[in-house]
Structures are given as structure tokens and as C-alpha cells.
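Note sheet for the following structure.
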Amino acid sequence: MDSLPLLADHPYASFLDQVEKPARYAGGEVGSVVKDWASVEARVCLAFPDVYDIGMSHLGFKILYKLLNDDPRTLAERCYAPWVDMEAQLVKRGLPLVSLESARPLRDFDVVGFSLQFELTYSNILTMLHLGGVPLRAADRGEDDPIVIAGGPTATHPEPIAPFLDAIVIGDGEEKATEVALTWTRLKREGVPRRERLVAIARLGAVYVPSLYATRRDPDTGFEVVDRPLVSGIPFPVERALVDLNRYPFPDESPAGGPEAIFDRMSIEIARGCTEGCRFCQAGMIYRPVRERDPEQIVDTVMRAVKKSGQDEVSLTALSTADVSCISPLIKKVTERLTAERISLGVSSLRAYGLEPDLLDELKRVRATGLTFAPEAGTQRMRDVVNKNVTEEQLLETAERVFSRGWGKMKLYFMIGLPTETDEDVRGIVETGARAAGAGRKAAGRGKPVDVTVSVSTHVPKPHTPFQWAAMDTLSEVARKQQLLRDTVRPYRAVTLKTHEAHASVLEGVFARGDRPLADVLERAWRSGARFDSWDDQLKLSVWEEAFAHAGVDRAKYLGTLPVTARLPWDHIDVGLEEGFLAREYRKALQNRLSPPCGKVAGTFVHHTNLEDARADERRLVCYDCGVACDMTQMREERLTFLDRLGAHKRSLPLVTGAIAAAPPEAAAPPEAAAAPEAAAPPEAAAGAAGEPARAGDAAPSRPEEAPGAAGGAPRAAGDAPRAARVPQGRGGFRYRFRFEKTGPVALLGHLDVVRELPRVLRRVGAPMTYTAGFHPKPDMTFSPALSLGVISLDEYVDLRLERDLDPAALEALVASMTAASPRGLVFRAAVKLGPEDPSVSKLIAGARYAIAFARSAIGGDAEATLAARCSAALSAASLPIRREIERLAKMVDVRQYLVRAEVGGPEVLSALARAGLAGDLVALDVEVDIRGSGAVKSSEVAAVIAGEPGGAPGAITPPPHRAVRLELFGRAAPAGSAAGERLSLLDLERARRVKAAPERAAPASLAADAG
Ligand code: SF4
């Protein structure tokens, strides 16, 4: 049943709190930009085909959002795929999918730009188009429909999704996004027909317009390939766009303060591209050449981003961060600056050989969990095949170093299904893990726990990689190899094996190397219910089986070995590689031959970390003439300049890498750092591509729990966190109590999200908090009891410690500045300084007053009289039992024990409702309840026992549609344990000091969840 609308004028207002994580759809984050539609020439909806939590970590999205909104001619708004519960609501109610900023349907925009990160998000693109009111197929769109474009790593092999897109941007999106949007709207204003507008877009270059190309069936493979352009003057093949990154500094701000994103930190792209040449990694091929951002610009961006975001953790990201030429002096410089601010620094994608002892010591100070590495293959032969430059000796040495420092866990990522793989290679995966555990046990010492987790995914051959012609293992072969892994691991108790469900990987493999006829399969599967196919619990295999069968498409042809001479469905997309380069690499792979990293001094695997060494080394830089034509002289010069700018003139102790010249290879953290949606990656398309291209072999890179490094929380890259150590403070600083309100979108934000946000608000306004002591220091603060989602509050409190001693005027100014630095609806009203003797807010709180509002029509008749009678009955009752369910466990709660007062709300309450943003013909209850250490009741339970109807499970009572507003939290000016007493303002310290807090008053953490 719908509640009273919480967000005025939002189309989802009446049911937002009926869906999981409603704040995903509410907008209002700090840094979100709402521009006047009439003031711009082109309006772009950046559409991410996965949930908010994943899309919000995407770097390319952030780049394009800032770029388009900084341009006075354009605006950008965001839209993420609605989770299945929200989709069901929209369908049921006939409502469109709308953007976060202005709540407009996708069909209202001039441009809808999708980010193509991963093949298994294609079905979500169809959902978003359909719900957004945009015809699914490009061929069905009319003159006034938006242009639907896309970009991202998957845009380099787009045929299965091509019929649903008007245009696809290939390569970097920084310039193309604006160019496409403005060209499209200018021509539309001039009355140019849609098809001619599309031709003009295609002629911009780096844009593929599928409808303007003819296809034909290739006799060798049976694939439908793109054959020729249908109009003159459009490119064939379509070459990618490549920008000078330093003309587009990484954004120092982006929307923040909504529900927690999978990567909850400020990530800064420091380079694009990778030199390592892993043969399974598409990112390493399509983002060539490596382009490094100016380190001075990076340092400036980091410092501004910290200030604007309020984040206390920054991450420097690249496909392989350890291979950025100036990474050591850069980390040193950034660390120096951040240490003063007490900000942690994470560095993604360090590798096994990069973990020098001093760096591990640093890591150990801030991380309790284990570390993660990605050797990818279990034998040296297989690592040579995939060009993973790491030796087992390096891996074992790293294991020793890790476990000797007290870590008890280490995680290793591998793939099965790689070309030429034998059973010995498969068993080698477990055996490598076992040897790492053995080395670790020796290093850890007697009795110390040692656990090595071996996580094994299935390799998916990706277009534009040397393995694009290789066969993918069949499901039965994957199952056999997984069983072999399980059999092999049995004797090794220190090794934990994790294998991944392979059905999704096979589907990914089909769509990765798929052609245009797969669009029919996709549409049919989508119409039959395919959604969020990268989420194991959402993938509907039977739906896909039926769709393939119905279209008469044989999946086997997409999964087998392809002739190197065949024309492929992605050959019309030119990512810059010379014809023959991939085939040469493929042949080398089949001969177990390595290709050392390019762009580095021949014979070395790490860059010089100081000017002196770099200048003295006159050896050539390695190049394979892959086709992207790097200027090696300029590359060398640029690196010298960067070292100079960082002041790295003389040799000193390396912070990150030790020179291991001559020793080959290293590696552990893969370019699949690429897999992490948050790691650096370009905004290859208007839609915001950026982001890590899905890693070949990862079953579900876009899914938090599945994607190693990408989403699972555990950073994939070794390290992901050498940090500027935060100084544990423990009860230092100065104590204050703040009063604030939660209305609008913030009332839909979970309590933990608000807890995360507050320290950031304070950082944004330059008033950092102190941290607790201990291994994982946290901002030192205590909140008043948490509210249920959707409950508004006009009277919330938090006790916290700030570093600075503020006089009353400064404190008042601080309070005034905090609201502007907060998400919409978080409003700070007052603050007082606490003395050491002042009891904490949790000890003082003894009760709450709520207004519980109903639409008059929901009560019926003489609503006030009805409610008054119900209040009398409730107060006269000896008990008011109600069933409460928490995580499927039910218990009975007697609301009467807590109910102090209940009456019909008068004018004061109605005006409070208006202040809380509630409008309409309302009638309200005005209730007061006790909050005790032993428990509390929810406002919904009070609404139920007074105005609801029993039904459903025994003891269950359903309240009428309502909206609760916490009007007041208070203490009692009476001895602890007494039933009542004069109410005490929590800001009235004089009186509070006279009230002796007793344990009975203390509201335990568990109470928090029940008190709303
Ligand atoms: S041109 Fe040479 S140095 Fe540049 S990416 Fe290609 S192989 Fe590497």
C-alpha cells in the first residue's frame, strides 16, 4: 500500500519506500547538477545499465558528467538501471524511468548515452529504453526521439546490441560526447531529417552508425559481418577517438552522499592504457598507448577532490598502477600532502614484485584483511602463454612477506579455459596456492593461521585481443576442470578453493564474439524476463535457452576456435592495432613465448624512479610496432619531465617498486584492475564508458560479489592501499552535539549511509573530526537512535569530536555552512560544545514524539473523531501486542508498554508536517513514546496498533498508509527508570548535567534499528 509522498513532485514519491534502497532513485546528492533545461542547447542522459551502487563508482561516467555540465551549452543527468522491484512498480503503475536530477523520462532528452562495460548488461539497456519511453530499435525511432548512443570497452564489438543503438562512439569520449550532442541538436533545430542527422554524426569520425552499413554472411565462419558503408563519406573501418588526457584533467568532484557505492572512495585516474600486454585482457589492447596524466595535475586534483568530496580515502587508479612511470615519487608526493590531512591513500593494481617490505609494513598498519594477487595461471608455461610476467618465485616471496607480517589470509585469482590449457595447468592452480600457503606457514611461525584462497573464474575470449580466435571451454569442460580443481585441493587444508558459476561466462562469451543476429535473441530473452544477467541470482538460463532456440541460433559457432584469416563481426572497428599484431601475439602464445612489457627500457620490468638513473640509462624502450605508433622519444622525454616535476632527482629508497632489472617479470595485479568498474578507464563514449572493461574470464565483472577486485570489496590488486597512515587519536579533540533534520531524499537514505556521510560533510566545510583509537580508527561519533527508512525527522542528534576548539560564534558559523555541503534534506540546525562531564546523547534520550500523518481519505468518516476514539481505546488497553519481524524472525512486542501519550494532532503538528514537506488533506496522530535501554517501538507499530487492521500472520497488524515524522527527541528530568518526568531538551546541558544517566537509559546499538 502506498505511503504519503515524501518527495514533493517526484513521480515515484508515493511508493519509493516500498522498494529496496529507495535513495537509489531519489537524487539530491551533493555535487549533483540540476541545470535549467531552457538554458542549454543539448540535454544528455547518461545511462548506466546496472544499479546505482555499481554505476556510481564508474570513472567514465564521472568524467562525462562533469564535462557536459561544465559546458554552458550542454547538460547531463544520470539514470541507472532500476532494480527488479522498481521495474515491477513502474510497470504496474505505468510510470516511465526518469533521470535522477530532474526526474524526466529518457524520451525527453536529446541524447541518451549508454555505458557499455559488459555484455551481460545488454538486457538492462532494453529495460531502460522501454521504461524510458524510447522505441527499442533504432529503426523504429521517429524524428523527435532522442539519439541513443553508447560507448565503452564493449562498444568495440557492438554488433549484438547495434540494432538498438543509433550511434556508437569508439574510443575516448571526452571530445565526442559534446560534439555528438551539439551536432545532433543543431541539425534537429535546422529541421534536418533523422537519417541525415545520423549521416552527419557518422561523418564526425570515431562514431559508428550501424544503420548506415551493410552486412553479409561470411562463408568461413557463418558470422554476419559488416561489409561496407551504405552512404559516402562515412568511415570504414571506424577508427577510435584518442584524446590527450592532460587536456581533460580528471574531475575533482562528482555526485556523492547517496547510497553507498561499491567503491566508496575518491578514485583518481592517473593513466589510461597498459604496457603489460596480457593476452587475455581487452583493456590492455584497446586503450593503447599508455597515456599518463601530468603528476602535478594529479596532485592538484587529489587535493581539490579531497576538499570537495570530504572523502577520507583516495585511490590512484590505472589499469596497472605499478607500471605508471613515476608511480613511486608520485605516491611519495601525494602521501606527503595527504598525511597532513589525515587522508588514506589507496593504490590499485600493485603487483607481487612491487610489494617491497617497507610498503608491506605500511599496508599492515592500516589493513587487517588479507591481500589479493592475480597470477592468473597455475604453471609457468601457462603464465607465459597469457603473457603474465610473474614467476612463482616472486609469488612465493610475496607470500612469505605477507604472512610474516601477521596477515592470516591471501587471495589468488586464476582463470581456467585459457588456450592450450592441460590438466597439469589446472592442477597447477591449486598446487601454486598450496605452495604459497606452505611458504606462508613457514614465514608466519608456529600456530599462526595461514589461509590461501584460490579463486578461479572461466576465461572468456574477447575481441581485439590475441585470444580473440581461441575457443572457449564448453560448459561440460568447465565443469570437468572445476571437479579436477576440487579433487586436487582436497589434501590441502590451508587452501580454500572458490569456483564461479560458468553459465554466465558462456553467455558473455557468445555475446562478446557475437554478430548482429544475436539482437533477436537478446530481444526475445528480454521480453521473456532476462534482466541483470551478470547477477547469479537473476540470470534466467531457461529464458536464454528458449530465445536461442526460437531464433535458430547455434551458440557453438561463437564459442569455437575461429580461423585467423576469417573476417570477424568486429573487424570494422579499428582500435588502432596493426593488422597482424594480434595474430603474432596469438602465435607466440601458442609457442609459450613471452612478450616483455613495451614502453619500458629493454630488459627491465619497472621504470626508473629518479631522474639520475633514467637519464643515465640509454637503452632503447621496447616497442612491438603494434600499430598505435608511440613516439618513443617523446615518451622518454615526458617521463623525465614528470620525474623532474615530482622532484625525484636522486636515487632514494623506492617506495613502491624495487628495480628488479634483469629479473623477469612480475605481475600480480592484472590489467583486470580493469575489471574494476572504478579503476581508471576512459569515457570512451558519450555514454561514459570509462571504466574497466570487463575482464576476460571474469564471470560477472559488474557484480559486486563476483568481480574480483571489481566489486567484491576486496581489492583485486595487490595492495590497493599503501596509505598515508591516519594517526589514531582516540578521544582527542573537542566534543560537540549537533541537532539536524532529515527530510526529502535523506529520509530515504539508510542510517549507515548517513553515518558515512557526516564526517564527509565536516571535511567539506573544513572541520575534520577526530578518530577513535585502534587498528581501524573511525570518526568518533554517537548518533541518536536510527530511524526506519522513509521516516522523516525534524529533531536528530549526533555527538562527535572535532579537531578544532570552536567558540560559540565559530560553532554557529559551522552549523550554517554544513547544510550547503550536505545532500538535499540533511539540514543542520544547532550545535553546543560538550564538556567532559556531559552524558552522551545515547544515555540521555528517554523518549520521542512523533506525528503520524494519514490522508484524511484513508481514515474515512470524521477522521479526527475516529482517531480520537482509537487513541482513547489504545491508552485504555492493558496491552497492545504486535508482531515484529526482523530478518524473518518474529517476536511479539507490547506497544502499550512504551506508549505514553496519543492524541489527534492540532495546528502545531500540522504545521510541522508542512515543514517536513508533507502536503495534502492530512490528519495526524500526535504520540509520545518511551525509548529505553531495553527497547523501543517503531512509529509504524504505533500507527498499526492505533489505526490499523489485524491481518496476515498471527499478531500482525497493518497500519493504514501513513508517513511518520519524528518531531522531537528528549531526555527526562527525572531519575532514571521513572516512567515519566519533565521533558528535557538534549541541547539543554545545564539541566542535563543534573540528570544522572543510568545504564537503563543507555540506548544500545540494537535499539537504534527499532526506534524509528
Ligand atoms: S607502439 Fe610500441 S610502445 Fe606503443 S603501445 Fe604499441 S608496442 Fe607499445
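Start at 1 and go down the list; that is how both ligands and their atoms are numbered.
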Distance from atom 6 (Fe) of ligand 1 to nearest protein heavy atom, with residue and atom
C626 SG, 2.3 Å
Starting from atom 4 (Fe) of ligand 1, locate the nearest protein heavy atom and write down its residue, its atom name and how far away it is, to 0.1 Å.
C630 SG, 2.2 Å
Examine C623 and say whether one of its N/O/S atoms is closer to atom 2 (Fe) of ligand 1 than 2.8 Å.
yes
Under 3.5 Å, is there a donor-acceptor pair linking the side chains of S595 and R279?
yes
May I ask you to check whether H459 and D473 show a side-chain donor-acceptor distance below 3.5 Å?
no
Atom indices of ligand 1, in the order listed, that fall short of 4.0 Å to a heavy atom of [X]:
X: A629; value: 1 (S)
X: C598; value: 3 (S), 5 (S), 7 (S), 8 (Fe)
X: Y624; value: 2 (Fe), 7 (S)
X: M632; value: 3 (S)
X: V628; value: 1 (S), 4 (Fe), 5 (S), 6 (Fe)
X: R288; value: 5 (S), 6 (Fe), 7 (S), 8 (Fe)

Do the side chains of [X] and [Y] get close enough for a salt bridge, i.e. N-O under 4.0 angstrom?
X: D227; Y: R567; value: no
X: R291; Y: D172; value: yes
X: K600; Y: E276; value: yes
X: K66; Y: E174; value: no

Please work out which of the three classes, parallel, tilted or perpendicular, describes the rings of W570 and H464, given edges at 30° and 60°.
perpendicular
